[in-house]
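Note that the structure is predicted; figures quoted are calculated from it, not measured. First the proteins, then the strands, lettered A, B, ... as listed; each starts at 1.
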Amino acid sequence: MAMKAAAIKLKAAAAPSTGFRALLFSTSRFPFNQPSPAQKPPPAEPSTNLFVSGLSKRTTNEGLRGAFEKFGNVVDAKVVCDRVSGFSKGFGFVRYATLQEAEAGIKGMDGQFLDGWVIFAEYARPRNPSPPTQNGPSNGFSSTNFR
DNA sequence: GGTGAGCGG
């Protein structure tokens, strides 16, 4: 009599077990994994080029340079403005002379206030090489598509 | 020019 009850008990316990196992081994992806190949990890790799966001619309190149010059030698400071309207887009780029100065600039200016807005400084991403004011393809020729 | 996450001429 007791064996019958034990058999039913085991059968009842084994039935949901398979269901759980199938559920556990069928879930191939969870948000804990990182299936993305290389999209956008939060901070970029160290570089002398800095991406500054959160700027005020009234912040100009001189204001940006003046704010970042206190932490190192700023080689280039540029606020990105729209080409047609000419107004600031609210972000810019600051280039330091060395990586140590860039690191000090990020640590010193990230989260600070500039013209009433909290700005964020981080390493800029490497982008396509063809600066018209640096390479000088003013003839209509481009060194990118040369084949 | 009023925009508020983002990567430039």
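- Per the stacking criterion (ring centres < 5.5 Å, plane angle < 30°), A:Phe87 does not stack onto the base of B:dG1.
- Each of A:Tyr123 and A:Leu55 was assigned the nucleotide of DNA chain B with the nearest heavy atom; the assignment lying further toward the 5' end belongs to A:Leu55.
- Under the 6.0 Å cut-off for aromatic ring centres, A:Phe51 and A:Tyr123 do not qualify, their centroids lying 6.0 Å or more apart.
- No side-chain heavy atom of A:Asp82 sits under 4.5 Å from any side-chain heavy atom of A:Phe87.
- For A:Phe51 and B:dG6, the CZ to C1' distance is 5 Å, given to the nearest whole Å.
- Straight-line distance from the CG atom of A:Asn61 to the P atom of B:dG8: 16 Å, rounded to whole Å.
- When distances run from any side-chain atom of A:Val80 to the nucleotides B:dG9, B:dT3, B:dC7, the shortest one goes to B:dG9.
- Of the candidate nucleotides B:dA5, B:dC7, B:dG1, B:dA5 has the atom nearest to the side chain of A:Lys57.
- Comparing A:Ala77 and A:Ser85 along DNA chain B, the residue whose closest nucleotide (by nearest heavy atom) sits nearer the 5' end is A:Ser85.
- Atoms NZ (A:Lys89) and P (B:dG8) sit 7 Å apart, rounded to a whole Å.
- Residue side chain A:Asn49 reaches the base of B:dG8 through a donor-acceptor N/O pair under 3.5 Å, judged by distance alone.
- The separation between A:Asp82 atom CG and B:dG9 atom C1' is 12 Å, rounded to whole Å.
- Contact between the side-chain N/O atoms of A:Arg125 and the OP1/OP2 oxygens of B:dC7 is found at a separation under 4.0 Å.
- Side chain of A:Trp117, nearest nucleotide from B:dG9, B:dC7, B:dG4: B:dG4.
- The interatomic distance linking A:Glu122 (CD) with B:dC7 (P) rounds to 9 Å, in whole Å.
- Residue contacts shown for A:Gly92 are absent, as no nucleic acid heavy atom lies under 4.0 Å away.
- The separation between A:Asp76 atom CG and B:dG9 atom P is 13 Å, rounded to whole Å.
- Between A:Leu114 and A:Thr59 the shortest side-chain heavy-atom distance falls below 4.5 Å.
- One can find a donor-acceptor pair under 3.5 Å joining the base of B:dG8 and the side-chain atoms of A:Arg127.
- Across the protein-nucleic acid pair, A:Lys78 atom NZ and B:dG9 atom P stand 9 Å apart, rounded to whole Å.
- Just one residue in the list A:Phe71, A:Phe68, A:Tyr96 forms a side-chain contact (heavy atoms from CB on, under 4.5 Å) with A:Glu101, and that residue is A:Tyr96.
- Side-chain contact between A:Leu55 and A:Asp115: absent, with no pair of heavy atoms (C-beta onward) separated by less than 4.5 Å.
- Residue A:Ser53 places its side chain closer to B:dG6 than to any other of B:dC7, B:dG1, B:dG6.
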